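Worksheet: one structure, shown below.
For clarity, every value in this text was computed on a predicted model and none was experimentally measured. Counting starts at 1 for both ligands and their atoms, following the listed order.
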Amino acid sequence: MGWQANKELVETLSSKQPGVNYREERVPNYVLPDILSLANGKIVRSAADWPARRQEILELFREHVYGRSPAAPAGMRFETVEIDPKAMNGAATLKRINIHFSEQADAPVLRLVMFVPNQRTAPAPAFLLICNRGVENIDYTRKIKSDFWPAERIVERGYVAAAFFNGDIDPDKHDGFVNGIHGLLERPEARTPSSWGTLAAWAWGAARVMDYWVTDPDVDDTRCVVTGHSRGGKTALWAGAEDTRFAMAVSNESGCGGAALSRRCYGETLSIINKAMPHWFCSRFHDYNGREEALPLDQHLLVALMAPRAVYISSADQDLWADPRGEFLAAQAATPAYALFGRKGLGSAGAMPDLNTPLLGDGVAYHVREGSHTYSLYDWDCHMDMADRELKLKPS
Ligand code: GTR
């Protein structure tokens, strides 16, 4: 039968938050926009025709959801701040790289932290965490360790453990897009309803890390994974969509505006998120508050933008706010895009997997684990299991 939301939890949350729907039976009927139908009515039938449809979908997300991001500034430069070959008791080489976007004194600087496994004979595959929690979670001294970024484990499993703090690119508050990378690259008065929001800015930061990685011989730039939790997970999906150099994207409990289908209006909705976080998306997205059926897209198309590359969507059973079922359904609904490439995705039939039972499909993976809203070691291990299958075995 597969995972079902815990009834008591549904009751508790429904009474605590009467304006929020947690009941499956109250999910409205909806029809999802078709993945394979081009705007001109033609149907995509082969991988060769996918790029045209992919471009249309990408433009829809730029125009209506995340906004349009600029190219990397001409003056971007990479500064090596520290290299310590004896980090983690000799298991890794710590590399701290600052990515500068301008010579202006107060310009934002992306401070990339990397632990490169020392035990390897070739460039290593990498996991990049877009860290949306305190910088202590990505402590390069390793005095503070947290499961949110289990760097030792990532290294042990043969991956570069990399991370940057999202606030380095853009502070997570609504400031009228005056400071952060928006302020540096664009005049606030030049903004349009489709100008990039804060999630797009963070995703842009991940792409700049990729710009650096193609220059770093320690990293196998054909096997890089972008990952994030919650707002970081929304960002990771958008980063993977915008930058196809990422071989895999991971969304951990990203929910509304991430992996969850907006049309289900289950847990967090567009009205709620756009009111609480007016800076996350482009301002045109706000036009769809309470009018989800009018959206020319839904989030299954975001997952489909990863095809035929790998994508992992994970949920937690207590995190109904992020709509685990809506996240699963989006991942499953992306199947036709994978099928164009002879990949099975999650498969189009079938219920949700049981609790703590990862479904590692062909290109697409999903799990719902027990517990609350966080990035846990269990999640990381599952994500790396999928990456092992999808990336490590692939000849590079
Ligand atoms: C909440 C928001 C969610 C999720 C979460 C987080 O405030 O409603 O969409 O992103 O923050 O990032 O932990």
Side-chain angles (χ1 to χ4, degrees), residues 9 13-14 16-22 61 65-67 128-138 146-149 163-175 180 197-203 205-206 226-241 249-282 285-286 288-290 292 295 298-299 302-303 313-328 330 368-369 371-376 379-380:
L9 182 60
L13 292 175
S14 301
K16 272 198 198 152
Q17 298 168 281
V20 181
N21 179 40
Y22 289 106
F61 277 105
V65 184
Y66 304 103
L128 173 64
L129 173 72
I130 300 165
C131 180
N132 59 297
R133 289 197 178 166
V135 276
E136 67 279 7
N137 287 285
I138 56 170
S146 94
D147 283 356
F148 196 77
W149 189 54
F164 73 92
F165 175 55
N166 62 351
D168 277 1
I169 289 290
D170 198 36
D172 192 1
K173 59 173 195 285
H174 191 35
D175 59 8
T198 293
L199 297 182
W202 298 337
V226 59
T227 185
H229 166 71
S230 207
R231 65 198 74 185
K234 305 179 214 288
T235 307
L237 286 176
W238 183 234
V250 178
S251 143
N252 197 60
E253 300 152 32
S254 62
C256 182
L261 293 173
S262 303
R263 278 172 173 74
R264 281 174 46 83
C265 299
Y266 184 106
E268 188 172 33
T269 60
L270 266 53
S271 308
I272 300 173
I273 203 167
N274 284 328
K275 188 164 177 231
M277 305 292 184
H279 56 300
W280 278 3
F281 301 91
C282 71
F285 195 47
H286 299 215
Y288 299 98
N289 290 350
E292 285 78 359
L295 276 167
D298 211 315
Q299 299 304 112
L302 182 62
V303 182
I313 309 291
S314 43
S315 313
D317 74 334
Q318 286 170 26
D319 186 18
L320 298 185
W321 181 245
D323 187 13
R325 187 171 301 280
E327 298 193 308
F328 170 76
V368 51
R369 68 149 167 82
S372 58
H373 182 68
T374 191
Y375 206 165
S376 72
D379 298 316
W380 275 101

The atoms of ligand 1 lying under 4.0 Å from a heavy atom of Lys234, numbered in the order shown, are 3 (C), 9 (O), 10 (O)
Under 4.0 Å from a heavy atom of Trp280: give me the atoms of ligand 1 that qualify, with their elements.
9 (O), 10 (O)
Audit row: Ile272, Cys256, side chain to side chain contact (heavy atoms under 4.5 Å, CB included) steps and yes/no
CA-CA 10 Å; Ile272 300 173; Cys256 182; over 6 Å; no
Residue list, salt bridge (charged side-chain N to carboxylate O under 4.0 Å, His left out) with Asp379, at least two apart or on another chain
Arg369
Could you check atom 3 (C) of ligand 1 against the protein and tell me its nearest heavy-atom contact, residue, atom and distance included?
Glu268 OE1, 3.3 Å
With the threshold set at under 4.0 angstrom, would you say His229 reaches ligand 1 through any of its heavy atoms?
no
Is the side chain of Tyr66 donor-acceptor paired with the backbone N or O of Thr235 at a distance under 3.5 Å, no angle test?
no
Just jot down the ligand 1 atoms closer than 4.0 angstrom to any heavy atom of Met277, in number order.
7 (O)
Give the numbers and elements of all ligand 1 atoms closer than 4.0 Å to a heavy atom of Ile273.
9 (O)
With sequence neighbours excluded, residues passing side-chain contact (heavy atoms from CB on, under 4.5 Å) with Val135
Phe165
protein heavy-atom neighbour closest to atom 10 (O) of ligand 1 works out as Ser230 OG, 3.0 Å
Would you say Ser251's side chain and Leu237's backbone share a donor-acceptor pair under 3.5 angstrom?
no
So which protein heavy atom does atom 1 (C) of ligand 1 come closest to, and at what separation?
Arg231 NH2, 3.9 Å
Relative to the ring of Tyr375, is the ring of Phe148 parallel (under 30°), tilted (30 to 60°) or perpendicular (over 60°)?
perpendicular
We want to know whether Asn274 and Trp280 form a side-chain donor-acceptor pair, criterion being a heavy-atom distance below 3.5 angstrom.
no
Ligand-side contact atoms (ligand 1) for residue partner Trp321, heavy atom cut-off under 4.0 Å:
2 (C), 3 (C), 8 (O)
